Number of protein chains: 2
Amino acid sequence: MSPKITGELLRQLRQAMRNCKYFSEPIQAYIVPSGDAHQSEYIAPCDCRREFICGFNGSAGTAIVTEQHAAMWTDGRYFLQASQQMDNNWTLMKMGLKETPSQEDWLISILPENSRVGVDPWIIAADQWKNMSRALTSAGHSLVAVQDNLIDAVWTDRPERPSTQLRTLGLEYTGQCISWQDKITALRTKMTERKLTWFVATALDEIAWLFNLRGADIEYNPVFFAYTIVGMNTIRLFVDLKRLSDPALRDHLQLDSPSKPELSIQTFPYESVYTELQAICAALGPKDKVWICDKASCALTQVIPKTHRSPIPYTPLCLAKAVKNATEIQGMKMAHIKDAVALCELFAWLEKEIPNGTVTEISAADKAEELRSQQKEFVGLSFPTISSVGPNGAIIHYRPLPETNRTLTMNEVYLIDSGAQYVDGTTDVTRTMHFGTPSAFEKECFTYVLKGHIAVSAAIFPNGTKGHLLDSFARAALWESGLDYLHGTGHGVGCFLNVHEGPCGISYKTFADEPLEAGMIVSDEPGYYEDGSFGIRIENVVLVVPAKPKYNYRNRGSLTFEPLTLVPIQVRMMNTELLTQKELDWVNEYHRKCREVVGAELERQGRKEALEWLIRETQPII
Amino acid sequence: MSPKITGELLRQLRQAMRNCKYFSEPIQAYIVPSGDAHQSEYIAPCDCRREFICGFNGSAGTAIVTEQHAAMWTDGRYFLQASQQMDNNWTLMKMGLKETPSQEDWLISILPENSRVGVDPWIIAADQWKNMSRALTSAGHSLVAVQDNLIDAVWTDRPERPSTQLRTLGLEYTGQCISWQDKITALRTKMTERKLTWFVATALDEIAWLFNLRGADIEYNPVFFAYTIVGMNTIRLFVDLKRLSDPALRDHLQLDSPSKPELSIQTFPYESVYTELQAICAALGPKDKVWICDKASCALTQVIPKTHRSPIPYTPLCLAKAVKNATEIQGMKMAHIKDAVALCELFAWLEKEIPNGTVTEISAADKAEELRSQQKEFVGLSFPTISSVGPNGAIIHYRPLPETNRTLTMNEVYLIDSGAQYVDGTTDVTRTMHFGTPSAFEKECFTYVLKGHIAVSAAIFPNGTKGHLLDSFARAALWESGLDYLHGTGHGVGCFLNVHEGPCGISYKTFADEPLEAGMIVSDEPGYYEDGSFGIRIENVVLVVPAKPKYNYRNRGSLTFEPLTLVPIQVRMMNTELLTQKELDWVNEYHRKCREVVGAELERQGRKEALEWLIRETQPII
């Protein structure tokens, strides 16, 4: 991986920072966040501004350019990747390490007095703006909203914003009585409870979920560019109007014959959300309140007068979407069985092919995609496949490229983290395997990671527990040996939606997470990474389900997890002597279930070699 | 325990709320926090305003009185106690339960439009004021600073503020090179690093620690009422000037012959802190910054103009105080050995006396105090002894009173949570015992609590880990059986200072805690409480020490805990079949150490019966 050459680009950007065409006075620093105007994690090519300016293309990172410096902050998943993708015009700021300054502290330490720091208000969230602005102001500087994006100004061949065809989801996927009209009604009930008159939706997955629609505007994420403003009697949808010509879609949205006036959707061009929200705000009564997520863009948030603004960390749509209904759970289970079929085939194929020395990280990833695409209702991948051999496995969010591509051998650990979008659900699974004889240290580390995975998966905890309280369970075995991993343990997973979603998760970092509830779906993915040598991660998607322990303190009820992912965990990588009887029982029971459920589907699909592989890999450990 | 009759008091308070002598317009609600002007947890009798108005005397709670309602918020430790101490003019608001509204939400739900909510700005912390004020303002109400305390207005026999004799601590207690002058110099170094010109100390334990002084103004806490303002060249101490006549004290503080001008202490009357801080702030240069804890009183914080204010969650004194030096650690160890001697004697005595039916909760607590007072350098108790039998044990912060006093028997569980102040250290220990035959359920619960205690005590975790990440370890065994406890797992412990201190702790609630560091001292005290039946808690004070596991990921280093408390944990209460081999080994090793260290001291002091008891209670479990 060779770094992007950025000297000339930085020169042009710095020129723009001094160019009074864009502002009344030059700015001394320019912040380039990684998001789009919807604060999406995955973004369309036209929004990859941070990648464009610095070369680093991971999912999280913020670049800041001053007259003299250029620095980029990212987290532990990306330290290696970022250092390889950026040239030496850039300083890598390793977030989470004690010696790394925050963006605010760094700016304050290097800026001349009374500096102006610019940022595009559409791609910075309101809460981030507030924190940054407060820190800069207290040090005598100021944060300035620059309406013209300065990266776009120097990005001559910037792609168009996508506008793909929209797909309607029927009740067989969304659940009976969960039409978009039902969701609007439920939202209005929440608005009434909180005495709010307007709700502004800006997160793309929330809008897709609300209308039971999917798009393909952003790779891996079945969403479409849109905004929505819901009042007590009106629904405004802001979207490229050309997309709304399909009769089935018009029918789904009842655009031509709404059932009730308050369920009639008014459509507007995507770009007009700003002026329309301005018009709404101009007509607000003294007690009217507008609900908006505090992660919405600063630009849109500031349209709403402060006294009428009711910012929330998670919207009611985000909370409702996180708790899956019976139909969605059934769909997720089906999707995971199909996904397991594809992976069993992949692993059986790898076992056969690796000795020939012809399989590479890229060809293995391609094969995985090909096998998944043979499954019913396959739509696409849910994120770029991480297919990594040996030292590449230690780059936590590695994506194989021709120049880094390694061959799978009998001598190195292979880590594959992959997933797909099916119309009935979203998958995300990581398996770490060795096709020859793993070293004692590799097995030892794998076993600690497995212990952590089981500790979370089998945990029983009271209703109302937040996911971050479970994070240390995943680390205890590693910690005991002085090991750890620099990423969270789990994230929420959407149902034929984004593979990462809020408001729940399992992390040492997240404190704003909402309590886990039965019906929520998260990943459980501890790991261990030995830089320059190997990476290990074991990831299942798990469903929060009620548990029935012996007692029931204060009638609170208990919860636990049920794995939705049903792919064998390689016994060859385990040092079974390090496992307790309870852990061995867990592995055997998990493998029994994989064999029973996925075996039946492999049989039905007539995939004999994969079935044989599954049966071999799920022999009980005695 | 009969509740306090509060009808007449509330009538008078409500009259004061309408009395325009105190403000320009009447107020519709009045908030009575539990703290004093220093936000102390334990407070002097003159500051017990919340207890005075509602009757509840626990350490944490906030009362709010409106024209129609009176409500009091407290946490799970105090639900039972508060419900017994308050009459039915009061509604108990159980914090931490889902259905309990926050103070803000409750006020907003019941207040008429445009209400004014009053509070004494000296006894509400700046951060609390900010949150409350923001919530009320956004709902159309306002928070009003009422300079005259309205409780004092109706409290006719309010006691005087105490002014006890001050005790100086020599370097044999504070550590070589840790004179108060060294501490001032270290503070100024921190101020220079952060470009701050002034530091305002308001927490009583920080001021006592800074000057190597102790007082007795607040029961159980060896502190004295004072404020301090430190500049780069000046030190201002605000204290009742009558206290400064003692020549030894004047010499310790070098009041008459300062070694250097910048180490000269100017003394001022306690009350003049407000006007003196005003004078300092009036003379601030444009870049001058004043450091103050965001938990300092709203009154004092607001003296500092916002642009000059640099609020912090923990002061540099709080952080420095938390990491004990070698002399302090040695002192804490000595204090815990003396404390263990007293407790071994107590338990040996109880074993002998209980069959006679003559020991009560109160007499056992008195005996514990008497035995502790025989130990060298005993100063007093570090908190009111919780001595509780059977159902009283389920009242988490129970304190025996004549009307609740139960007799210790062979049939009920006995829980004693007690501690003392010695000149060399502070102790806090809880043991739960049965002097007959505990039930299977009692043993089962005790064993889960013990598993949690061991899980924390034996945990190995990376440097930089915050204590709240360890909290779930203490609960896992209880959770697995559907049980839990509604309090945190541990708090920081001072060295001959407050038994509860920041900035570290082990709790599911605390997110602003600072990372654990070698030299910090915390408690490890999981529990289980069966309302109406029994309470169980196992508490040791533990020291954070470096650990040396097999590996050392990224050279971060690892930490673990060393128990300072050395009092046997009753084997009779354990269901040893539920313990793993590792847990059994921990218990045996802990008991070996108790026997070795405390045994030697018992022998030295010639306390034969207690020594026999210790030897019997520390037999290894095989």
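The chains referred to below are lettered A, B, ... by the order of the sequence lines, with proteins before strands, and numbering in each begins at 1. Note that the structure is predicted; figures quoted are calculated from it, not measured.
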Report task. For residues L470(B) and W479(A), report the shortest heavy-atom separation together with the two atoms involved. Result -> CD2-CZ3, 4.0 Å

**Report entry** NZ/NE/NH1/NH2 to OD/OE distance under 4.0 Å, E444(B) and K550(A)
**Finding:** yes

Query raised in the report: Contact part of T137(A) toward chain B, heavy-atom cut-off under 4.5 Å: side chain, backbone, both or neither?
Result: neither

Query raised in the report: Side chain, backbone, both or neither: which part of D484(B) has an atom under 4.5 Å from a heavy atom of chain A?
Result: both

Requested in this report: With a 4.5 angstrom heavy-atom cut-off, could you sort out which part of T580(B) is near chain A: side chain, backbone, both or neither?
Outcome: neither

Report task. Give the minimum heavy-atom separation between S481(B) and P549(A), together with the two atoms involved. Result -> C-CB, 3.6 Å

Requested in this report: Considering only heavy atoms and a distance below 4.5 Å, find which of P462(A), G557(A), A547(A) pairs most often with chain B.
Outcome: P462(A)

Query raised in the report: Hey, does R556(B) have a side-chain heavy atom less than 4.5 Å from the side chain of K98(A)?
Result: no

Query raised in the report: Can you say whether Y529(A) sits under 4.5 Å from chain B via the side chain, the backbone, both, or neither, judging by heavy atoms?
Result: backbone

Query raised in the report: Does CD in E193(A) sit with more than 12 non-hydrogen atoms of other residues, nucleotides or ligands closer than 6.0 Å?
Result: yes

Report task. For residues S558(A) and G482(B), report the shortest heavy-atom separation together with the two atoms involved. Result -> OG-CA, 3.9 Å

Requested in this report: With a 4.5 Å cut-off on heavy-atom pairs, point out which of L486(B), T560(B), D471(B) contacts chain A the most.
Outcome: L486(B)

Report task. Taking the side chain as every heavy atom from C-beta outward, state whether E530(A) and Y553(B) have any pair of such atoms under 4.5 Å apart. Result -> no

Query raised in the report: Highest number of heavy-atom pairs under 4.5 Å with chain A: which of F461(B), F473(B), Y551(B)?
Result: Y551(B)

**Report entry** Which portion of Y528(B) sits near chain A, non-hydrogen atoms under 4.5 angstrom
**Finding:** side chain

**Report entry** Residue part contacting chain A, namely of K287(B), when any heavy atom lies under 4.5 Å
**Finding:** side chain

Query - Pair R554(B) + D531(A), salt bridge at N-O below 4.0 Å - result: yes

Query raised in the report: Which heavy-atom pair separates S138(A) from K289(B) by the least distance, and what is that distance?
Result: O-NZ, 3.1 Å

Query raised in the report: Rounded to the nearest 0.5 Å, how far apart are NZ of K466(B) and OG of S472(A)?
Result: 13.0 Å

